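Each remark here refers to the structure printed beneath this line.
Just so you know, ligand 1 is whichever comes first in the structure, and atom 1 is the first atom listed for that ligand. Just so we're clear, the structure is a prediction, and the values are computed from it rather than from any experiment.
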Amino acid sequence: MVHRTSAIWLSLVLGPFASLSHARSVGPRDAVPEGYRAAPYYPTPHGGWLDSWKEAYTKAQALVSQMTLAEKTNITSGVGYWMGPCVGNSGSADRLGFPQLCLQDSALGVASADNITAFPAGITTGATWDKALIYARGVALGEEFRGKGTNVYLGPTVGPLGRKPLGGRNWEGFGADPVLQAKAAALTIQGVQEQGIIATIKHYVGNEQEMYRMYNVFQPGYSANIDDRTLHEIYLWPFAEAVHAGVGAVMTAYNAVNGSACSQHSYLVNGILKDELGFQGMVMSDWLSHISGVDSALAGLDMNMPGDTNIPLFGFSLWQYELTRSVLNGSVPMDRLNDMATRVVAAWYKMGQDKDHPRPNFSSNTRDKDGLLYPAALFSPTGQVNWFVNVQADHYLVARQVAQDAITLLKNNGSLLPLSTSAKISVFGTDAQVNPAGPNACGNRACNTGTLGMGWGSGVADYPYFDDPISAIRKRVPDVEFHNTDTFPSVDTPSPDDVAIVFISSDSGENSFTVEGNHGDRDNDKLAAWHGGDKLVQKAAEKYSNVVVIVHTVGPLVLESWIDHPSVKAVLFAHLPGQEAGESLTNVLFGDVSPSGHLPYSITKAATDYPDSIANLRGFAFGQVQDTYSEGLYIDYRSLNKRGIKPRFAFGHGLSYANFTFSDATIRPVTSLSLVPPPREPKGTTPSYPTTIPNASEAYWPDNFNRIWRYLYPWLDRDEADRAYAIGVAGEKKYAYPEGYSTVQGPGPAAGGGEGGNPALWDVAYEITVTVRNADDSTHAGKASVQAYLQYPEGIPYDTPVVQLRDFEKTRELRPGESETVTLRLTRKDVSVWDVELQNWVVPGSQGGRYTVWIGDASDRLFLACYTDTGKCEGGLKPPV
Ligand code: BGC
């Protein structure tokens, strides 16, 4: 399989500029707008100071203290692109039993592998709003990643968060809201890591568009300019929750934040991630985003991936042998390397990978049984690379359940749905049938042909099979008429009861591929359906009186050209269902189950309903493209509500065939809240090692070593090692340390203290219960989504969004007349704001202000209000949205 060929092709062309690219990375920064700072933060806080990681660190220290210098630099770096079975392969310390780690995409299934499950994408998972199901998907993913012998799952994705509707990779994450992202990510991490696989939360942070994301010889990656409060309350939130859930790895983003590249951003990595959020695991770079050797190490990066410079395949690295040299000559303190190695080993112990963890039994590079062991080497040894281990178990059931429970009914005029199987049905649109060339015909799914089950890029997996909608419909309605075209064909005049089901789609992905003029982001088709889909719906609506539109999409579309047409009676967003696109849909279409998905983003009437900063992608600029978050906290429904703009379908919207009522809400304070969290505990002890520069002999090539050409190794020739060592011990190091550089470990900020921040932030402040009942006269069973939105007290000195999602639950399937009481919880953090002066989470209502907790089944359907000051709840009010 060819992995993102275009990126590689580019790098081959640019090969001669390899050295230039390093120079660029440490050159002066481009100016970012006034007020956006990337302050220095040094040194990297040592890992190991939290009890939850104590045991792993004790074991890690025992192992790392036996490692030579070269072993330490080897395990903190990849060995090169395409130099092993996985998308990332780290170096090992074989002598001590520490293996190469296999790092593998993607967030929705084991990438480039056989006999796996292609699960629904993140956005589909988010649309279920079902915590138990999100967790179950995580467990199944973890089992498959383990079964294939990987160590690290390169997911979940929460950055992009979905700030820009046109952003190419929003579909990999769970929806355009920090709390939805955070809870879904935490449950995924829990499910995956319980199977002994290290999860990776990515991409940290501000990767909200694909275009211009990457540093290259001509241009730095764009700068996402984010103010401190917006960072904390929106973009950092899911990362904090992931750290709180114990995530083992974090991947930095390609882009810069406030002018400084994420892979070498001391404030973001040393400061926020490792000190404030107390992250104890390892931080890796995104693929080929490593642009400085010493700077990135000092800024807190622990592993570079896949090991190469940002121009791969020439056998050059900024770490491996270069990191060995930098330690010997005194540029990178031994203390930092020890911490890097310990973090990597601690994450491995934490997941129990020292005990019976399988080795990779597949190859990302070929489906043949035998193949090249190091495909990027000019002369590679060969051997068995695929064992075809089937890891699917019964995971299709979870996959199908997620796909089904995500299906979101936007409109159902005259209760057209569910359909009767005796209806005369005609199906239109190429999206109804699997790609005729096969579901995996396009590498990295970089085409939109046939049913759209996932976006494109690195975030995909190969389908083991594809249950397509038309086959599933034919199982129910054998004589269905299918027009496999996106141009409305000539058809006989239908009878008034005939039904047309029209399939349309919208795709996006990573910018390493351009599909039908879309460069990753939806820059060409924008928010219109692809292949003229909107026209197809209009034409069908002119002809038929009963039109059902099925939408497979990476994100919102503007539906205005047909949504109000009287014949368009029903619309289902099936999102990106993965391999289980068919039966999941027919179960809903024909009424075996009620739809229970809810929108994980808003659908506006026009793209321009958002301000330019989020409605549009940042285009080409000389120098660094500036993507300034001038809208602050106000994205998606926060933006629309602030400006009083009604969307077509609001964030959280989703109808059911059942008929639910919400009643009998209660609210009770659980923990009384001071203005700021109680003082944090001091940090616990961390492993300590000798910090003297090791002997040069620890860096010499082993005798008689059989080198693979272009493979990345940690060793140096004797004279090189000796020379570096001489400089180091003489204290002649010449490195120009960054401004603010220090080697003195600090106590950590007040907002920190535990994994994710001050542990008191997770104290439950309020518990809310509400009874959901499926009405006695309801004709269908169904699951209801219960969503809690918080409105801050009036008169506080902080501008806050009108309402913000804070918790959600889904009921079990309720039969007519059945009810369930659901509990929702608000933590201290949920009722706080980030105070940029105090640099802490402040509870603006701690002096008795009234928070209102709105409960409903969408951000604009808020049935009940509960008040924190009186402890009362009531219904029948006019909500603020
Ligand atoms: C993507 C990551 C992915 C990595 C490895 C990068 O291009 O941004 O999400 O994990 O490649 O394939």
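- Counting heavy atoms closer than 4.0 Å to ligand 1, residue Gln104 contributes nothing at all.
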Begin from the C-alpha positions of Tyr374 and Tyr711 and carry the test ring-ring contact (aromatic ring centres under 6.0 Å, His included) through to its verdict. CA-CA 8 Å; Tyr374 313 109; Tyr711 195 94; 5.3 Å; yes
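- Under a 4.0 Å criterion applied to the non-hydrogen atoms of Val87, ligand 1 contributes the atoms 5 (C), 12 (O).
- Salt bridge status for Lys183 with Asp177: absent, with no side-chain N to carboxylate O gap under 4.0 Å.
- Counted by atom type alone, Gln392 and Asn115 present zero donor-acceptor pairs between their side chains at under 3.5 Å.
- Every atom of ligand 1 is numbered from 1 in the order shown, and the set under 4.0 Å from a heavy atom of Ser458 is 1 (C), 2 (C), 3 (C), 9 (O), 12 (O).
- Evaluated for a side-chain contact (heavy atoms from CB on, under 4.5 Å) with Arg445, the options Asn435, Leu452, Val460 yield exactly one hit, Val460.
- Glu510 counts as a contact of ligand 1, since one of its heavy atoms falls under 4.0 Å from the ligand.
- Using a 4.0 Å cut-off between heavy atoms, Glu210 makes no contact with ligand 1 at all.
- Contact annotation: Met214 has no heavy atom less than 4.0 Å from any atom of ligand 1.
- Nearest to atom 5 (C) of ligand 1 by heavy-atom distance, out of Asp105, Leu288, Thr157, is Asp105.
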Using atom types as modelled, flag every donor-acceptor pair under 3.5 Å from a side chain in residues 238-250 to any protein atom, sequence neighbours excluded.
from: Glu241; atom 1: OE2; to: Trp762; atom 2: NE1; distance (Å): 3.1
from: His244; atom 1: ND1; to: Glu755; atom 2: O; distance (Å): 2.9

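- Salt bridge status for Lys274 with Asp302: present, with a side-chain N to carboxylate O gap under 4.0 Å.
- The distance criterion of under 3.5 Å between nitrogen or oxygen atoms is not met by Trp287 with respect to ligand 1.
- If you number the atoms of ligand 1 from 1 as listed, the ones under 4.0 Å from a heavy atom of Lys202 come out as 2 (C), 3 (C), 9 (O), 10 (O).
- Remark: distances from the non-hydrogen atoms of Met251 to ligand 1 include one below 4.0 Å.
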Please walk me through it: do Tyr222 and Arg213 pass side chain to side chain contact (heavy atoms under 4.5 Å, CB included)? CA-CA 5 Å; Tyr222 61 75; Arg213 66 178 182 165; 3.7 Å; yes
